[in-house]
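Throughout, numbering of the chain's residues begins at 1 and tracks the sequence.
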Amino acid sequence: LWSRGDERLTDTFPEIREAASRLPDGTVLDGEVLCWKEGRPLKFHILQRRIGRKEMDPEILAEAPAAFLAYDCLELEGKDLREEPLEQRRRKLEDLLTTEDTLRLSPLLPFNTWTDLKQQWPESRQRGVEGIMLKGRHGSYRVGRVRADWWKWKVEPHNADLVLVYAQAGHGRRASLFTDYTLAAWDGGRLVPVAKAYSGLTDEELRSMDRWIKRNTLARRGPVRTVPPEHVFEIAFEDIRPSSRHKSGVAMRFPRILRWRKDKPAAEAETLDSLRALLDTPAPPDRKETQPQPSSRHES
């Protein structure tokens, strides 16, 4: 079992190691390790409890049971299948994974029109996934960023309007500019940091904010500057999870800036209670999404 970064993780997931030992020799599967319980994937932060552990005690195995969700069969009995059409590789994968619960077969979503598929797309969050993956039935398996045969249709991210409270200089060509922002939500009458964002503004906006930060610094702590809570930014993020490491009690996954809310006063920014409500409540998409063009060569 290998990570994307070529790190060997076999011993981290003994239940997957044991299930894989029953596969025919010379089998290579493409898939994803997930924590899985009661027929659905658990959130990513639960999987993180397993990563990096050298020993797995019964408590962590029960708390974060792992499964391997198989997407593709790349090699079978030593034969390289990557140039075969996807539909042939899929049939072989289905033959391999008939009864094994720990090695799970990724489900297909049948659809006849893009309208049918679009109705299923917003349900992704309820299923505990990030969206729908479209693959050409006749496509070969290619490495890298595949653009022609595969297309990831992700649901819209969550978003929140947060207040800038701290700033820090960036890296590389941005080392002379304050481009790394700590953003906060209201908890009663005080602002509590909930996210850090480094991208999303234009170069002109970054230079404008940099000038404002340097003119309005309230305090310095090492490389970090405290600024007046005057500027609001709309932040997009993929997920939110409970966190004992942060004073706010929450942590955002992949936060980034969507826009500078010059039209919004800081007093109207997000509250911590509204962010906590997202911990168990999926957010339906509320912005227009580019829709792919129909093709009979796609499956989900």
Side-chain angles (χ1 to χ4, degrees), residues 1-82 84 86 88-109 123-133 135 141 143 150 152 154-155 238-245 251 253-254 279-280 282 299-300:
L1 189 63
W2 301 89
S3 73
R4 289 184 193 174
D6 294 334
E7 181 184 359
R8 192 172 184 273
L9 298 174
T10 310
D11 294 336
T12 304
F13 300 97
E15 62 269 68
I16 296 176
R17 179 186 61 204
E18 180 183 351
S21 69
R22 295 188 284 274
L23 292 171
D25 287 343
T27 300
V28 178
L29 302 182
D30 173 11
E32 183 173 2
V33 174
L34 301 165
C35 284
W36 195 280
K37 186 178 286 188
E38 298 177 356
R40 59 176 288 132
L42 302 179
K43 293 207 172 189
F44 180 71
H45 73 274
I46 298 177
L47 178 65
Q48 287 181 309
R49 298 174 190 171
R50 296 281 301 264
I51 299 172
R53 283 177 175 258
K54 294 184 178 180
E55 296 184 6
M56 298 296 147
D57 55 52
E59 182 179 352
I60 191 66
L61 291 174
E63 183 181 286
F68 183 85
L69 190 65
Y71 302 141
D72 214 327
C73 185
L74 311 188
E75 186 176 315
L76 185 61
E77 296 180 346
K79 181 184 177 182
D80 189 343
L81 306 179
R82 290 176 293 176
E84 292 189 8
L86 170 64
Q88 292 184 23
R89 302 197 310 272
R90 173 74 189 193
R91 284 197 293 268
K92 291 172 181 175
L93 185 63
E94 290 171 349
D95 291 340
L96 268 180
L97 307 180
T98 54
T99 59
E100 181 59 65
D101 192 48
T102 303
L103 303 181
R104 306 184 68 91
L105 184 66
S106 59
L108 299 180
L109 295 178
E123 299 171 2
S124 298
R125 288 200 190 278
Q126 283 82 356
R127 294 195 299 270
V129 297
E130 296 180 354
I132 293 173
M133 193 73 187
K135 296 184 179 183
Y141 184 93
V143 300
W150 292 11
K152 185 185 292 184
K154 296 185 70 172
V155 294
E238 299 304 319
D239 198 4
I240 191 167
R241 60 181 176 85
S243 172
S244 59
R245 297 176 53 193
R253 189 178 181 203
F254 301 143
L279 291 172
D280 300 308
E299 70 174 356
S300 169

Judged by atom type as modelled, is there a donor-acceptor pair below 3.5 Å linking the side chain of Glu15 to the main-chain atoms of Ala66? yes
Looking only at heavy atoms, which two atoms of Glu77 and Pro24 are closest? And how far apart? CG-CB, 4.3 Å
Going from NZ on Lys135 to CG on Leu108, what distance comes out if it is rounded to the nearest 0.5 angstrom? 10.0 Å
Is Thr102 reaching over with its side chain to a backbone N or O of Ile16, donor-acceptor style, under 3.5 angstrom? no
Hey, what do you get for CG (Leu1) to CZ (Arg8), rounding to the nearest 0.5 Å? 9.0 Å
In the structure I gave you, are the side-chain heavy atoms of Leu86 and Trp150 within less than 4.5 Å of one another anywhere? no
Can you tell me if Asp95 has over 12 outside heavy atoms packed within less than 6.0 Å of its CG? yes
Are the charged groups of Lys152 and Glu130 less than 4.0 angstrom apart, N to O? no
Could you point out which residue of Leu96, Asp72, Leu74, Leu76 forms a side-chain contact (heavy atoms from CB on, under 4.5 Å) with Leu29? Leu96
If you round to the nearest 0.5 Å, how far is CG of Leu81 from SG of Cys73? 5.0 Å
Under a 3.5 Å cutoff, is there a donor and acceptor pairing between the side chains of Ser106 and Arg90? yes
Which atom pair, heavy atoms only, marks the closest approach of Gly26 to Glu75? O-CG, 3.3 Å
So, do Tyr71 and Met133 sit near enough that their side-chain heavy atoms are less than 4.5 Å apart? no
In sequence, state the C-alpha distance, the side-chain angles, and the governing distance for Leu105 and Leu93, and then conclude on side chain to side chain contact (heavy atoms under 4.5 Å, CB included). CA-CA 8 Å; Leu105 184 66; Leu93 185 63; 3.5 Å; yes
Before you tell me yes or no, could you show the steps for Leu61 and Arg50 under side chain to side chain contact (heavy atoms under 4.5 Å, CB included), namely the whole-Å CA-CA distance, both residues' side-chain angles and the distance that decides it to 0.1 Å? CA-CA 8 Å; Leu61 291 174; Arg50 296 281 301 264; 3.6 Å; yes
For Ser124 and Gly131 the tightest heavy-atom approach is OG-CA, 3.4 Å
Mind listing the closest non-hydrogen atom pair of Ile46 and Glu63 along with its distance? CG2-O, 4.1 Å
Does a sphere of radius 6.0 Å around CZ in Arg82 hold more than 12 heavy atoms from other residues, nucleotides or ligands, not counting ones at 6.0 Å or beyond? no
Quick one, Phe68 with Leu97, criterion side chain to side chain contact (heavy atoms under 4.5 Å, CB included). Give me CA distance, side-chain angles, the key distance, then yes/no. CA-CA 11 Å; Phe68 183 85; Leu97 307 180; over 6 Å; no
How about Asp101 and Arg104: do any of their side-chain heavy atoms sit closer than 4.5 Å? yes
